[in-house]
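Inspection log for the structure reproduced underneath, given as structure tokens.
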Amino acid sequence: ENLPPTWEKTGNLNTFYQTGGQYDARTLLQSDYVKLAFSGLGAGNIETLAKSFREAVVSKQFSVGMGVAQDQANFYTDGSYDGVKHEDIIIRKKDGSIWQFGLLPGLPYVLPTTGWNDYIADLCIKALDAGAIDVSLEEIGVFGDTGYEQAFRDEWKAYYGTDWSDKLWDDPNLYFMGQHLRNYLSTRQIEQVFTKVKEAHPDGKCVLTNHTSMAYYGFSNACGNHDMAMLDVVDEIEGQTWSNTIETPFMYNGQTKAYPFVNGFFDYSYWTNLGKQTGKPVAFITDPKGDGFDVTGRTLEECKALYQHQIVSQTAFSSIYKNNVVVWPDRSYSWGFDGTPVATDAYRTIMNNIVSTQTGLYRYQEPVTTENQDLKVGCLVLDTACYQAGGPDGGASPNDQYDMFAGLMFNGLMVEAIPFGTNESKTDIFKDYDMLIASYDTMKPINDLCNQKLKAYMENGGTVLFYGGK
């Protein structure tokens with residue numbers, strides 16, 4: 001067989017599924033390894049989870065994923081970790097209340113200070129000590145209408161050299177500065193944690209696992225992926241595009257609703273091109289069910305439709321053959337997570353067939369083309385895409401991104417996302433496109449690199465469609 005060029009980079013392990021529970025024979029999927037989701041529940045739990053799989057399936061290797069935006073057991077913030085309370089890092093809104101997310105109430109979201117990063121690094125090192133083949137930091141960034149916690153005030157002073165202002169969410173300039181600081185703290189977290197991991201385990205694989213900017217608009221999360229993925233300590237990227245994120249509504253032809261295939265195609269192209277630019281292997285994720293059933297009331301048929309959109313849009317990018325095949329199989333196969341619609345035998349069979357097929361995707365590397373694609377068009381997504389999301393001037397919304405290209409896609413011309421940060425990519429992919437779409441209305445470049453790249457692209461014959469003005 002003609003193996004793909006990144007085969008060795010992935011260690012020949014190209015499929016895995018993600019679970020937060022111990023071994024369950026009903027959800028032992030046909031994958032190369034299992035990813036254990038672990039977030040601050042005490043280091044001993046890593047070994048406990050791993051042991052349950054080792055004893056049942058001797059050959060089953062495992063990785064460990066760390067959710068780093070949230071202290072999911074109050075283990076660090078309440079002082080259980082080092083004997084010192086760290087309540088100053090719990091992110092707070094202007095009225096002093098703690099920001100919460102509906103799916104996991106009562107568990108604080110935190111600011112990634114150096115102390116918190118040291119704690120996460122310690123957990124990652126323990127995971128590799130226990131035999132994990134890699135560790136990943138998941139859902140990076142700072143969420144919500146926050147920035148009033150003491151730790152953020154201290155980080156502001158350290159970064160800008162000026163006192164923090166309580167007008168953070170009232171003044172557009174201060175808000176932009178606050179979002180830039182959040183992005184800096186997110187990038188610093190990746191660098192600090194993975195640097196410590198590499199010092200303890202030089203051969204340990206470190207994975208960046210995150211959402212795209214388009215998925216973070218509704219959470220005002222200013223975390224950009226390009227500059228984080230460019231860090232030398234990042235070995236691999238796992239793109240968190242799945243059933244919920246491809247439901248992000250936007251307006252087209254006067255109607256605001258979810259257009260899952262358009263969302264999915266654009267999001268999966270984002271991760272594909274981030275891998276091309278950084279030279280890092282990429283993995284996609286798939287969720288046959290999704291979050292938030294108590295809110296969405298989604299039926300099993302609706303789950304199936306979103307699952308179809310995920311599979312079709314991700315397989316359009318044939319260079320990506322590594323997959324997190326099922327997130328939370330106990331939910332998808334209906335053995336847990338109360339409130340989800342029960343999966344029928346027919347739906348379980350569909351999932352099993354797709355998982356089986358995904359294990360062999362590395363064999364199919366021919367680019368997927370469409371008959372009516374006369375031009376190859378890319379749309380820039382700057383790391384600053386969420387710097388104005390939810391801000392005091394009304395803020396940016398998904399419309400600001402999708403309005404630039406949705407009309408083309410609905411008329412048959414597929415448009416791909418091109419992530420762009422403040423650092424030069426290892427590989428320039430601008431030249432691969434006949435036309436680039438860009439706007440600085442809600443995505444401000446932090447330096448002149450984007451201007452210089454667009455200028456060079458046009459001087460070499462490229463066309464830029466640039467939107468300006470609201």
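Owing to the predicted nature of the structure, the values given are computational and were not obtained by experimental measurement. Positions are given from 1 along the sequence. No hydrogens, no waters, no symmetry mates; every other heavy atom, side chains included, goes into these values.
Here Phe266 and Phe261 keep their ring centres 6.0 angstrom or further from each other. Between Phe143 and Tyr216, the ring center distance clears the sub-6.0 Å criterion. For an aromatic pair to be called close, the ring centres must be under 6.0 Å apart, and Tyr402 with Tyr259 fails this. The distance between the ring centers of Phe62 and Tyr33 does not fall below 6.0 angstrom. The aromatic ring centroids of Phe265 and Phe317 lie less than 6.0 Å from each other. Aromatic ring centres of Phe284 and Trp271 lie farther apart than the 6.0 Å criterion allows.
Side-chain contact between Met230 and Lys426 is present, with at least one heavy-atom pair separated by less than 4.5 Å. By the 4.5 Å heavy-atom criterion applied to side chains, Asp403 and Asp400 are not counted as neighbours.
Annotation for Tyr17 and Ser31: closest pair CD2-OG, 3.3 Å, computed over non-hydrogen atoms. Gly378 and Ile418 make their closest contact through CA-CD1, 3.9 Å (heavy atoms, listed as atom of the first residue, atom of the second, distance). Smallest separation of non-hydrogen atoms from Ala389 and Gln179: O-NE2, 4.3 Å. Cys206 and Val197 get closest at one heavy-atom pair: SG-CG1, 3.8 Å. Closest of all the heavy-atom pairs between Leu208 and Phe194 is N-CE1, 4.5 Å. The shortest non-hydrogen separation linking Gly407 to Tyr252 is CA-CE1, 3.7 Å.
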Given the rule in the side chain to side chain contact (heavy atoms under 4.5 Å, CB included) test, do Val142 and Ile91 qualify, once you have shown the distances and angles that lead to the verdict? CA-CA 8 Å; Val142 186; Ile91 59 175; 4.0 Å; yes

Is there a side-chain hydrogen bond (donor to acceptor under 3.5 Å, both in side chains) between Asp267 and Thr212 once you walk through the steps? CA-CA 7 Å; Asp267 253 32; Thr212 64; 3.1 Å; yes

Can Val193 and Lys196 be said to form a side chain to side chain contact (heavy atoms under 4.5 Å, CB included), step by step? CA-CA 5 Å; Val193 172; Lys196 285 184 174 293; over 6 Å; no

Run the side chain to side chain contact (heavy atoms under 4.5 Å, CB included) test on Tyr321 and Thr315 for me, step by step, so that the C-alpha distance in whole Å, both residues' side-chain angles and the decisive distance to 0.1 Å come before the verdict. CA-CA 8 Å; Tyr321 54 85; Thr315 51; over 6 Å; no

Walk me through whether Asn323 and Thr15 qualify under side-chain hydrogen bond (donor to acceptor under 3.5 Å, both in side chains). CA-CA 5 Å; Asn323 283 278; Thr15 56; over 6 Å; no

Carefully, step by step, assess Asp129 and His201 under the rule side-chain hydrogen bond (donor to acceptor under 3.5 Å, both in side chains). CA-CA 9 Å; Asp129 289 343; His201 289 271; 2.7 Å; yes

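Judged by distance alone, the side chain of Asn273 and the main-chain N or O of Ala417 form a donor-acceptor pair under 3.5 Å. A distance-only check finds no donor-acceptor pair linking the side chain of Asp71 to the backbone of Pro108 [under 3.5 Å].
Distance CE/Met214 to OG1/Thr245: 9.0 Å, rounded to 0.5 Å. For the atom pair CZ (Phe420) and CG (Asp227), the distance works out to 9.5 Å, reported to the nearest 0.5 Å. Taking CD of Gln18 as the start and CD of Glu238 as the end, the distance is 6.5 Å to the nearest 0.5 Å. Distance check: Trp242 CH2 to Thr286 OG1 gives 11.5 Å after rounding to the nearest 0.5 Å. If you take OG on Ser63 and NZ on Lys205, they are separated by 9.0 Å, rounding to the nearest 0.5 Å. Separating the OH atom in Tyr217 from the NE2 atom in His211 is a distance of 15.5 Å, to the nearest 0.5 Å.
Residues Glu416 and Tyr433 bring a donor and an acceptor atom of their side chains to less than 3.5 Å of each other. Checked by atom type, the side-chain pair His226/Ser425 shows a donor-acceptor distance below 3.5 Å. Between the side chains of Gln358 and Gln30, no donor-acceptor pair of N or O atoms lies under 3.5 Å. Judged purely by distance below 3.5 Å, without hydrogens or angles, the side chains of Tyr148 and Asp95 never pair a donor atom with an acceptor atom. Using a 3.5 Å distance cut-off with no hydrogens or angles, the side chains of Gln189 and Asn117 do pair a donor with an acceptor.
In summary, Arg92 and Asp145 do not engage in a salt bridge, as defined by a charged side-chain N under 4.0 Å from a carboxylate O. With salt bridges taken as basic N to acidic carboxylate O contacts below 4.0 Å, one links Asp345 and Arg348. Contact check on Lys93 versus Glu149 returns no salt bridge, with no Lys/Arg side-chain nitrogen under 4.0 Å from an Asp/Glu carboxylate oxygen. At a threshold of 4.0 Å, the pair Arg331-Asp287 counts as salt-bridged, since one of the basic side-chain nitrogens sits closer than that to a carboxylate oxygen.
Checked options Ile133, Val325, Thr359, Leu13; the residue passing with Asp32 is Leu13 (criterion: side chain to side chain contact (heavy atoms under 4.5 Å, CB included)).
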